[in-house]
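Residues: numbered from 1 along the sequence shown.
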Amino acid sequence: MEWEDGKTLGRWEDLSTDILWKIFESFNDVSDLSSAVEKVHCSAVCSAWRSVLCDPHLWHTLDLSTIKHNFIKTKDEPYVYVCSQSDLTLSRVLKVSLSLSHQNITTLIFNLQLYVPDDLFTYTAERCPKLRRLVMPSWNKIKIDGINKAIGCWKHLESLTIGNIEKYQYLTLLQVIYDNCKNFRELKLMGTCDTNSFASAMVRYLPKLEVLSLRCSMLSKDALMVILESLPNLEVLNISHCVVLDETHQPHQPFRIVEELDASIVDKASRLKRFITCMRMPTAMHVQEDSCSMCQRTRNDEGIIRWHRYEEGMWKADEVASLAL
C-alpha cells in the first residue's frame with residue numbers, strides 16, 4: 001500500500017520477528033486483559049504472527065485469571081447456569097492457547113469464578129503434561145473422574161491453589177496427588193479446614209508438604225495442631241485472616257472463635273521457617289494490629305470468603321510470595 005507522498009506502508013506480516021517477540025512477551029505484564037486472550041487475537045492476524053507465537057518461551061505461563069464467566073446460581077447441580085457465549089469464549093481461548101503452546105505450559109492459572117466444563121478441563125490436562133503449578137477454577141462442573149484423569153496427566157505438579165471444595169472432592173484430590181505427583185510440595189486452600197479429617201487427610205496424602213497457605217479460611221484449633229505436629233517437612237504455614245474455632249465448647253453452644261493463639265501452638269510453630277498469622281500471640285515475637293479488615297471479612301462470610309463482593313483480584317494475594325499472583 002502506498003500513500004500519496006510516495007511512502008509505503010509495510011504489511012503486518014513483514015514486522016521483524018524480534019519486534020513481534022518483544023510485543024508478545026509484553027502481554028504477560030498487562031493487568032486489564034488476559035495475556036492469553038491477546039495472544040489468541042494476534043495469532044489470527046497472519047501466519048507469520050502465528051509462527052512467532054509458537055515460541056515455547058511465550059507459553060511457560062497460561063494466565064486466565066482475568067477471564068470470568070457470566071452466570072446465575074441455580075438450585076440443581078451444577079448449581080450454576082453459564083452463558084453459552086462465555087463458555088464458547090473460554091473454550092476458544094483455551095484450545096488456541098494449548099495449540100500454540102505445544103505442551104510447554106508449566107503454570108496454569110484459572111479464575112476462581114470460572115466454571116470450566118469437565119471435558120474441557122481434561123482436554124486441557126492432556127495438553128499440559130509439563131505442568132508444575134495449577135490455580136484451579138470453580139469445582140461445580142468438574143466431576144470426580146475428571147479430577148482423577150487430569151491430575152493423572154500432571155506427574156510434575158508441585159503447587160496447587162484451590163478455592164472452597166467439598167469434602168469428597170478434597171479427599172479424592174489429595175489421594176490422586178499422592179498417587180501421581182511425587183514432587184508435590186505446595187498447597188493453598190481457601191475455604192474450610194474446620195475438621196480433623198481435613199488435616200488428617202493432608203497428613204496422610206501430602207507427607208512431603210513444605211508450604212501451606214490456609215489464608216482466609218475457616219480452621220479448627222485441633223486441625224491446626226494436627227498440621228503443626230504431623231507434617232515434618234512443613235517450613236511455611238500461612239493462617240492469615242483465618243477464622244480459628246475452638247471445638248472444646250459446650251453442647252448446643254456455638255463454636256468459640258479463638259482470639260489469641262495459646263503457648264502450645266506458638267511453641268509447635270516455632271520450628272517453622274515462617275509462621276504467618278494476624279492473631280495475637282502470648283509472646284512479643286512481633287507487633288500485631290488489634291484489628292484487620294480481611295479478618296473481619298472472613299468472619300462476616302463465615303469462613304468462606306465471597307470474593308465477588310470485594311475488590312477485583314483480591315483472591316490472588318498471599319503473604320507467601322510463591323503463592324501470590
Under a 4.0 Å threshold between the charged nitrogen and the carboxylate oxygen, would [Y] count as salt-bridged to [X]?
| X | Y | answer |
| --- | --- | --- |
| R92 | D87 | no |
| K268 | E229 | yes |
| R185 | E158 | no |
| K68 | E312 | yes |
| E259 | K221 | no |

Quiz item: How many angstroms lie between CG in L214 and CG in L237, if you round to the nearest 0.5 Å?
Solution: 6.0 Å
Quiz item: Between atom CG of L131 and atom SG of C181, what is the distance when rounded to the nearest 0.5 Å?
Solution: 9.5 Å
Closest non-hydrogen atom pair, [X] against [Y]:
| X | Y | result |
| --- | --- | --- |
| N180 | K155 | OD1-NZ, 2.6 Å |
| M314 | M294 | SD-SD, 3.4 Å |
| D301 | Y310 | OD2-OH, 2.9 Å |
| P56 | N104 | CB-ND2, 3.3 Å |
| L206 | L231 | O-CD2, 3.4 Å |
| A324 | R133 | O-NH2, 3.8 Å |

Backbone N/O of [Y] and side chain of [X]: donor-acceptor pair under 3.5 Å:
| X | Y | value |
| --- | --- | --- |
| W154 | C128 | yes |
| S217 | L189 | yes |
| S51 | S47 | no |

Do [X] and [Y] meet the criterion of a side-chain donor-acceptor pair at a distance under 3.5 Å?
| X | Y | result |
| --- | --- | --- |
| Q113 | S138 | no |
| N238 | E319 | yes |
| D63 | T61 | no |
| K39 | S97 | no |

Quiz item: Does L224 reach the side chain of I239, with side-chain heavy atoms less than 4.5 Å apart?
Solution: yes
Quiz item: Looking at side-chain heavy atoms only, is the closest gap between L100 and S43 below 4.5 Å?
Solution: yes
Practice problem: Scan residues 102-130 for pairs that pass salt bridge (charged side-chain N to carboxylate O under 4.0 Å, His left out), counting only residues two or more places apart or in two chains. | Solution: E126-K149
